Amino acid sequence: MNCRDFKNTIQLKNDGQLSLFFLGTGSAFTKKNFQNNIIVVKGDSHVLIDCGTLCPYSFSTFNSKITDIENILITHSHADHIGGLEEVALMNMYITKRRPKMILTDEYKKILWENSLKGGLSLRGEDGIRQKMTFDDYFEQIKPVQIKKAPRPFCSAKIGELDLKIFRTKHLFASTNNWKNSYYSVGVLIDNRVLFTGDSKNDPELINWISSEYKLDAIFHDCQFGYNAVHAQYSELKDTIPEELKSKTLLCHYNDGSENTNVKKDGFAGLVRRGVYYEF
């Protein structure tokens, strides 16, 4: 893995290497590190993973526009992951006149529209005409294909040169340790070599399953320092991730005040930094 600092504007194309760029590294209520939303790029292909409340603003701090994004993948419906979608929808509707593509199952499409986006996007008024709108008026759905014989829902989608595999995670409900009873949330395996957990509780079963099936170059893992019942805690990750994987693991979605923590002393590759290209 190579790390390269940001210059000028966000690059949505490169010479073919796999690249991850973090628009932010912070947890839900961050006031300084922006939210844990990332851009994945390979060749002429790109995808924005999550679009939180601060995401459009984060683009502007990098002299870039969120309306340049053509492909989106949302991991779940908390505001730090979907809060910027209404702006994306409306900016594209009225300015670019196009529909970004969004990778999501029919199940999550219904959840996202009915429970979150519909309130602000279901009606459009123009020249005195009231028009009812649907998800498909704003976004073009790309349906991932189910992969059989996996221990939990696991599906695949292609965005140009990018291979994305999506899996359910354990998130939100502190009283359960079963993904079936958890809030709908997913993580992403990128090009069969980089694991992005999305929001997740500590989940050794997931890490062991993915790492046994795929040769991982890196893991970008949700992490909270101090007690948090619905996210992975540093103390848990330190004790459960195998040493050979820990050295490939970078921690993200951390709470403000954690950015100077020396996690390398415990064997981790480090904390993810905002405004850095992680290249493979």
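What you see is a predicted model; the values in this text were computed from it and never measured.
- With sequence neighbours excluded, no residue satisfies ring-ring contact (aromatic ring centres under 6.0 Å, His included) with Phe280.
- With Ser212 contributing its side chain and Trp209 its backbone, the two residues share a donor-acceptor pair below 3.5 Å.
- Note that CG of Leu48 and CD1 of Ile39 are 6.0 Å apart. Values are rounded to the nearest 0.5 Å.
- One hydrophobic cluster holds both Leu18 and Tyr278 under the rule that ILVMFWY side chains link at heavy-atom gaps under 4.5 Å.
- Rounding to the nearest 0.5 angstrom, the gap separating the CD1 atom in Ile159 from the OG atom in Ser45 is 8.0 Å.
- Of all the heavy atoms in Val47 and Leu162, the pair that sits closest is CG1-CD1, 4.1 Å.
- With a 4.5 Å cut-off between side-chain heavy atoms of Ile, Leu, Val, Met, Phe, Trp and Tyr, the cluster of Met91 takes in Ile95.
- Placement of Leu123 and Val88 in two distinct hydrophobic clusters is found when ILVMFWY residues are connected by side-chain heavy-atom separations under 4.5 Å, directly or transitively.
- Counting only residues at least two apart or on different chains, the salt bridge (charged side-chain N to carboxylate O under 4.0 Å, His left out) pairs with a member in residues 106-123 are Asp106-Lys143, Lys109-Asp136, Glu114-Lys118.
- The backbone N or O of Gln224 lies less than 3.5 Å from no partner atom in the side chain of Asn228, so there is not a single donor-acceptor pair.
- Going from atom OG1 of Thr249 over to atom NZ of Lys246 covers 9.0 Å, rounded to the nearest 0.5 Å.
- Among residues at least two apart or in separate chains, salt bridge (charged side-chain N to carboxylate O under 4.0 Å, His left out) pairs with a member in residues 249-261 are Lys32-Glu259.
- Under 3.5 Å, the side chains of Gln35 and Asp80 contain no donor-acceptor pair of N or O atoms.
- A distance of 9.0 Å separates CG of Asn71 from CG of Leu164, quoted to the nearest 0.5 Å.
- Checking Ser185 against Thr169 by side-chain atom types alone, a donor-acceptor pair falls below 3.5 Å.
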Worksheet item: Given Ile241 and Phe268, is the side-chain contact (heavy atoms from CB on, under 4.5 Å) satisfied, shown in steps?
Response: CA-CA 10 Å; Ile241 296 180; Phe268 291 98; 4.2 Å; yes
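- Pairing each heavy atom of Ala89 with each of Tyr138, the nearest pair is CB-CD2, 3.6 Å.
- Residues in residues 29-55 take part in these ring-ring contact (aromatic ring centres under 6.0 Å, His included) pairs, two or more places apart or across chains: Phe34-Tyr57.
- With sequence neighbours excluded, the residues forming a ring-ring contact (aromatic ring centres under 6.0 Å, His included) with Tyr108 are Tyr184, listed by chain and number.
- Between Thr9 and Phe6 the shortest heavy-atom distance is C-CE1, 3.3 Å.
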Fill in: Steps toward side-chain contact (heavy atoms from CB on, under 4.5 Å) verdict (Met102, Leu112)
CA-CA 11 Å; Met102 190 180 294; Leu112 181 61; 3.7 Å; yes
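- One finds no salt bridge joining Glu70 and Lys101 here, because no Lys/Arg side-chain nitrogen approaches an Asp/Glu carboxylate oxygen to under 4.0 Å.
- At a cut-off of 3.5 Å, with distance as the only test, a side-chain donor of Arg274 or Ser58 sits close to an acceptor on the other residue.
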Item to complete: Might you work through the side-chain contact (heavy atoms from CB on, under 4.5 Å) test for Ile66 and Asp68, ending with a clear yes or no?
Response: CA-CA 5 Å; Ile66 198 166; Asp68 289 334; over 6 Å; no
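- No donor-acceptor pair closer than 3.5 Å links the side chain of Thr30 to the backbone N or O of Gly26.
- No hydrogens or angles considered: a donor-acceptor pair under 3.5 Å links the side chains of Tyr234 and Asp266.
- When hydrophobic clusters are built by joining Ile, Leu, Val, Met, Phe, Trp and Tyr residues whose side-chain heavy atoms come closer than 4.5 Å, directly or via intermediates, Leu85 is not grouped with Tyr183.
- Sorted by first and then second residue, the pairs that involve residues 214-232 and meet salt bridge (charged side-chain N to carboxylate O under 4.0 Å, His left out), not counting sequence neighbours, are Arg193-Asp217.
- In this structure, Asn63 contributes its side chain and Asn8 its backbone to a donor-acceptor pair below 3.5 Å.
- With sequence neighbours excluded, the residues forming a ring-ring contact (aromatic ring centres under 6.0 Å, His included) with Tyr277 are Phe21, listed by chain and number.
- The two residues Asn262 and Lys265 have their closest heavy-atom pair at O-CG, 3.1 Å.
- Following chains of ILVMFWY side-chain contacts shorter than 4.5 Å, one cannot reach Leu189 starting from Ile142, and the two form parts of different hydrophobic clusters.
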Discussion item. Go through it in stages, so that I can follow the logic: the residues are Ile82 and Cys51, the test is side-chain contact (heavy atoms from CB on, under 4.5 Å), and I'd like the CA-CA distance, side-chain angles, deciding distance and then a yes or no.
Written reply: CA-CA 5 Å; Ile82 65 160; Cys51 183; over 6 Å; no
Worksheet item: Does the side chain to side chain donor-acceptor pair (under 3.5 Å) test come out yes or no for Asn2 and Glu279, once each step is laid out?
Response: CA-CA 5 Å; Asn2 178 55; Glu279 299 174 334; 3.1 Å; yes
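- In this structure, the side chains of Leu195 and Ile207 come closer than 4.5 Å at one or more pairs of heavy atoms.
- No single ILVMFWY cluster, assembled from side-chain heavy atoms under 4.5 Å apart, contains both Val194 and Ile210.
- Heavy-atom neighbours of Lys7 NZ from other residues, nucleotides or ligands within 6.0 Å: at or below the threshold of 12.
- Screening residues 83-92 for salt bridge (charged side-chain N to carboxylate O under 4.0 Å, His left out), with sequence neighbours left out, gives no hits.
- Among residues two or more places apart in sequence or in another chain, the side-chain hydrogen bond (donor to acceptor under 3.5 Å, both in side chains) test is passed with Lys165 by Asp163, Asn192.
- By the neighbour-count criterion of 12 heavy atoms within 6.0 Å, atom CZ of Arg99 is densely surrounded, having more than that number from other residues, nucleotides or ligands.
- Across all non-hydrogen atoms, the minimal contact from Lys132 to Asp137 is O-OD2, 4.2 Å.
- Atom CG of Leu23 sits about 6.0 Å away from atom CG of Asn37, to the nearest 0.5 Å.
- You'll find the ring centres of Phe196 and His221 outside the 6.0 Å limit.
- Remark: His253 pairs with His81, His231 by the ring-ring contact (aromatic ring centres under 6.0 Å, His included) rule, at least two apart or across chains.
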Table please: side-chain donor-acceptor pairs of residues 145-155 below 3.5 Å, with sequence neighbours left out.
{"from": "Gln146", "atom 1": "NE2", "to": "Phe154", "atom 2": "O", "distance (Å)": "3.3"}
{"from": "Arg152", "atom 1": "NH1", "to": "Arg168", "atom 2": "O", "distance (Å)": "3.0"}
{"from": "Arg152", "atom 1": "NH1", "to": "Asp203", "atom 2": "OD2", "distance (Å)": "2.9"}
{"from": "Arg152", "atom 1": "NH2", "to": "Asp203", "atom 2": "OD1", "distance (Å)": "3.4"}
{"from": "Arg152", "atom 1": "NH2", "to": "Asp203", "atom 2": "OD2", "distance (Å)": "3.3"}
{"from": "Arg152", "atom 1": "NH2", "to": "Glu205", "atom 2": "OE2", "distance (Å)": "2.7"}

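- In this structure, OG on Ser258 lies 7.5 Å from CG on Leu271, to the nearest 0.5 angstrom.
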Fill in: Step-by-step side chain to side chain donor-acceptor pair (under 3.5 Å) determination, Tyr94 to Arg124
CA-CA 11 Å; Tyr94 292 108; Arg124 178 186 182 189; 3.2 Å; yes
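- Nearest heavy-atom pair across Ser64 and Ile10 is OG-N, 2.9 Å.
- Ring planes of Phe139 and Phe135: tilted class, angle from 30 to 60°.
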